[in-house]
Number of protein chains: 2
Amino acid sequence: MRDTQNKKDEIISMAMEVFAKRGYEGTTLDEIAGYCNITKPAIYYHFKNKLALYEYVLCTQFEEMAKRILEHTDSGSAEERLRAYIVTFGQYLIDNPTFSAIFSREISIGGATLPQGCIDELSKTLKRLSKILEDGVKEGIFQDENPFLVQMMIVTPLSAYHTTKPLRQKVADIVDNKYLTVEFADVVDSLAEKIISAIKI
Amino acid sequence: MRDTQNKKDEIISMAMEVFAKRGYEGTTLDEIAGYCNITKPAIYYHFKNKLALYEYVLCTQFEEMAKRILEHTDSGSAEERLRAYIVTFGQYLIDNPTFSAIFSREISIGGATLPQGCIDELSKTLKRLSKILEDGVKEGIFQDENPFLVQMMIVTPLSAYHTTKPLRQKVADIVDNKYLTVEFADVVDSLAEKIISAIKI
DNA sequence: GATATAATTTACCCAATAGTAAAATAGGAG
DNA sequence: CTCCTATTTTACTATTGGGTAAATTATATC
């Protein structure tokens, strides 16, 4: 048999890019197939249908993201773990540049079509964040905060900042030039400090 | 002539709902027409095509939002104006419940397809925010901050929080129940205090 | 009431696209 | 070399959905 795993991986990788750029509805399997130098029915050999491919891509990403966050936030003070939570998420976006568009779009429809697997992974990260915030309160360093809001304050500005580079160029004249050239990694660090200082007692 | 403006307004209103729920690509003109109890070609009498309808809806909303923000942030101390900026945006989402989904989705694709009119309106709000932050620095109460990031810290958590109510229900068991029932207006106030405390000296 | 015009419908066309059936091809095992 | 199975292609179907032309209906004005 031929090396099908490579081709399957290529399909997944290209699918991510196209889904990120065009959204689920705007994506055509022909476009994905084209990037992989295969034809559409070859995709159907590897995946049941378009939705299954999308959900596979989505779940893989959510799993990987949750795994990384949990790994990096399991020890240290509450403040250290909160910082790690934010920075790890930011680093995940850097390492997976197509994820932020897909993630933002799913959030924008309230996760209505998010497969259960993704919701479970999201739950894991939220649970971890809740624990960190709770521990911070016990340590006497954090105020009591709504974890939903803190979660939103972390993931949405970062993924949006990541996707809106072209938009910032278009409104460049409005703002001092020094802010246009900021590295995303610095934005992540800056956000982490702001959030921590916002919830510290 | 019949009262076409009412019907046109109805089309716009229904179009907003459907675009919010399904995204641009996922929206069909037949669905919009159905909600208005008319047929598809009647939409074409009022609008050139699907894109023109979408852009009309989008621009109308962006204009109204920018207008409100500018009106409410033109006097007071930098801190007062920053708080007003955040609260006015939050109130706009409350008053226009379909806007947050549309807005988030546009942000998620980096504003790539955003018509120039919307970019101009967005620029106005960003310019205002930059001015507020600058004034705060002059007043000696704010640190020097990246206005792009502050803008993201305001608009993205609020619009995402607003759209993800169904998602929060799905992960309800993870988090203390008291956080599930928080009113959105309180979330807005809470975010405003956090952002202000984060950038204060 | 007749006429003009505004608004809407019926009946289409056409392109795009998800999905399928069956043939073709490639490569490994015997 | 031959057979078997995995993989992919060719050729197709069916449907959806944006868009249009022309007929139709309603309404205001004279």
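So you know, we letter chains A, B, ... as the sequences are listed, proteins then strands, and number each from 1. Note that the coordinates shown come from a computational prediction; the quantities given were computed from them, not determined experimentally.
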Under 4.0 angstrom, heavy atoms only, what part of the nucleic acid is T39(A) near: base, sugar-phosphate, or nothing?
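Base, at least one base heavy atom under 4.0 Å.
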
Residues Y85(B) and Q151(B): side-chain donor-acceptor under 3.5 angstrom: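 There is such a pair between these side chains.
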
Nearest whole Å is fine: how far is [N] [atom2] from [X] [atom1]?
X	N	atom1	atom2	value
Y54(B)	dG19(D)	OH	C1'	20 Å
I11(B)	dA7(C)	CD1	C1'	10 Å
N49(A)	dA18(C)	CG	P	11 Å
K50(B)	dG19(D)	NZ	P	8 Å
D30(A)	dC12(D)	CG	C1'	14 Å
L29(A)	dG19(C)	CG	P	7 Å
R22(A)	dT17(C)	CZ	C1'	14 Å
F47(A)	dT7(D)	CZ	P	13 Å

Please tell me which of the listed nucleotides, [options], lies nearest to the side chain of [X]?
X	options	result
Y45(A)	dT9(D), dA18(C), dT7(D)	dT7(D)
P41(A)	dG19(D), dT10(C), dA11(D)	dA11(D)
A42(B)	dT9(C), dT9(D), dG18(D)	dT9(C)
K7(A)	dG18(D), dT8(D), dT8(C)	dT8(D)

I'd like to know if the side chain of [X] reaches the main chain of [Y], judged simply by a donor and an acceptor atom lying under 3.5 Å from each other, with no hydrogens or angles considered.
X	Y	result
K124(A)	I69(A)	no
S190(B)	D186(B)	no
Q143(B)	K200(B)	yes

Determine: side-chain N/O of H46(B) to OP1/OP2 of dA6(C), distance under 4.0 Å, yes or no.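 Answer no for this pair, as no side-chain N or O of H46(B) is under 4.0 Å from OP1 or OP2.
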
Please step through side chain to side chain contact (heavy atoms under 4.5 Å, CB included) for the pair V175(A) and F148(B), ending with a clear verdict.
CA-CA 8 Å; V175(A) 163; F148(B) 288 125; 4.0 Å; yes

